[in-house]
Engineer: 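Sharing a structure below in structure tokens format, with a few things to ask.
When a ligand or atom number is given, it counts from 1 through the structure's own listing order. Only a predicted model underlies this, so the values are computations on that prediction, with no experimental measurement involved. All values below come from the heavy atoms of this structure, side chains included, with hydrogens, waters and symmetry mates left out.
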Amino acid sequence: MFGNINAQTTNHAFPFRSMHLDVSRHFFSVPLIKEYIDSLAANNFNYFHWHLTDDQGWRIEIKAYPLLTKTGAWRKEKDNTIYGGFYSSEDIKEIVDYALKKNIEIIPEIDFPGHCSAAIAAYPWLSCSEEAIEVPAKPGIYKTILCPTDTVKSFLKIVFNEICGMFSGKYIHIGGDEVPKKSWRKNKSVKRMMLENNLHSMQQVQNYWMNDIATFLQRKGKSVIVWGEVTRSAFSKNLIIMSWRAKHAGIRAAKNGNKVIMASRFYCYFDYPASRKEKKPVFFYPYLTNAKVSRYNLYSKRLTAEENRNIIRGAGMLWTEYVTDTNRLWHQFSPRVGTLGKVLSTKCR
Ligand code: ACM
């Protein structure tokens, strides 16, 4: 009876409820991605946030830049074995069509200017130093990042143009988290960019540059999502802010009139251990019990009713630095995902 309803128009009438998967740190097959989409549909989610690129691997074929996957999708592990994989454009089409049938819209994320080691390993001219690097295997925040030059901007536009051709949905995520900007400080083109555009901090440089790409995408009809770090200096009202640390970025953004997606790591990060009986993969991970997920309040008393309405709702994350295989993936996923699905479907302002 509802066969003709298009997910792209249907979803937008409802609160935003997305679940993410990082396929860079560990790669997951097309059948697994389809199963994951089935589970999102079964747990009240309407968007799949697909984190396709990061330091440890570039996972989507881009025809204009073949080395992104030829080089950037593969890394050498500690034991010298080669690990990797990527989705061809045919794989992407198959998954996008599959998701659409399940009323799940896919939000592709190409994270820049940080978390780009795999792209830089493929094309060293993307960084300010232009030095050759390898795709790293270890988790962490890497200081080699994209350089905000016109050449790199052209590269990004070509990449995002291909991404827009592959994903028909309304939303696109362009990253912006965890950007160590030391390599920009002495760079001549960054200095010129600051002078010409009256920019006074590295965060302003990041925002100015990301805004250029966002405008390019908005002209193509996309709604652009960025991570909360962008709110650390003046930011465009047209960006949708995904607030992943505590609530501060989301609150700043909602006050500014931006649309906000709440995704606090203390309530929504399913790579964290679910009980004290579990071993932490790293000491700094907090525990996130199912009961805690059920208590997640996305809204804030620090916002007026009007400002709280800017929170279009929330998102769960599954980062995979320590999620090495599908057994581990489902272990981290259930049952917290069901609980978050309910919270995002029912919690009102
Ligand atoms: C993030 O967890 N770095 C968004």
Engineer: Which pairs, with at least one residue in residues 156-166 and sequence neighbours excluded, count as a side-chain hydrogen bond (donor to acceptor under 3.5 Å, both in side chains)?
Structural biologist: Asn161-Lys220

Engineer: Quick test of your reading: applying ring pair (Phe, Tyr, Trp, His ring centres under 6.0 Å), list the pairs with at least one residue in residues 176-210, sequence neighbours left out, ordered by first then second residue.
Structural biologist: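 Sorted result for residues 176-210: Phe112-Trp209.
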
Engineer: Take the angle between the ring planes of Trp244 and Trp227 and call it parallel below 30°, perpendicular above 60°, tilted in between.
Structural biologist: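 Ring orientation of Trp244 relative to Trp227: perpendicular.
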
Engineer: Determine the interplanar angle of the Tyr171 and Phe16 rings, folded into 0 to 90°, and report it as parallel if under 30°, tilted if 30 to 60°, perpendicular if over 60°.
Structural biologist: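 Plane angle over 60°, so perpendicular.
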
Engineer: Show me a pair-per-line table, with atom names and distances to 0.1 Å, of protein N or O atoms that are under 3.5 Å from an N or O of ligand 1.
Structural biologist:
{"from": "ligand 1", "atom 1": "2 (O)", "to": "Tyr269", "atom 2": "OH", "distance (Å)": "2.6"}
{"from": "ligand 1", "atom 1": "3 (N)", "to": "Asp177", "atom 2": "OD2", "distance (Å)": "2.8"}
{"from": "ligand 1", "atom 1": "3 (N)", "to": "Glu178", "atom 2": "OE1", "distance (Å)": "3.2"}

Engineer: Does any pair with a residue in residues 68-106 pass ring pair (Phe, Tyr, Trp, His ring centres under 6.0 Å), and if so which ones, sequence neighbours excluded?
Structural biologist: His26-Tyr83, Phe27-Tyr87, Trp50-Tyr87

Engineer: Using 0.5 Å steps for rounding, measure from the CD1 atom of Ile225 to the OG atom of Ser18.
Structural biologist: 7.0 Å

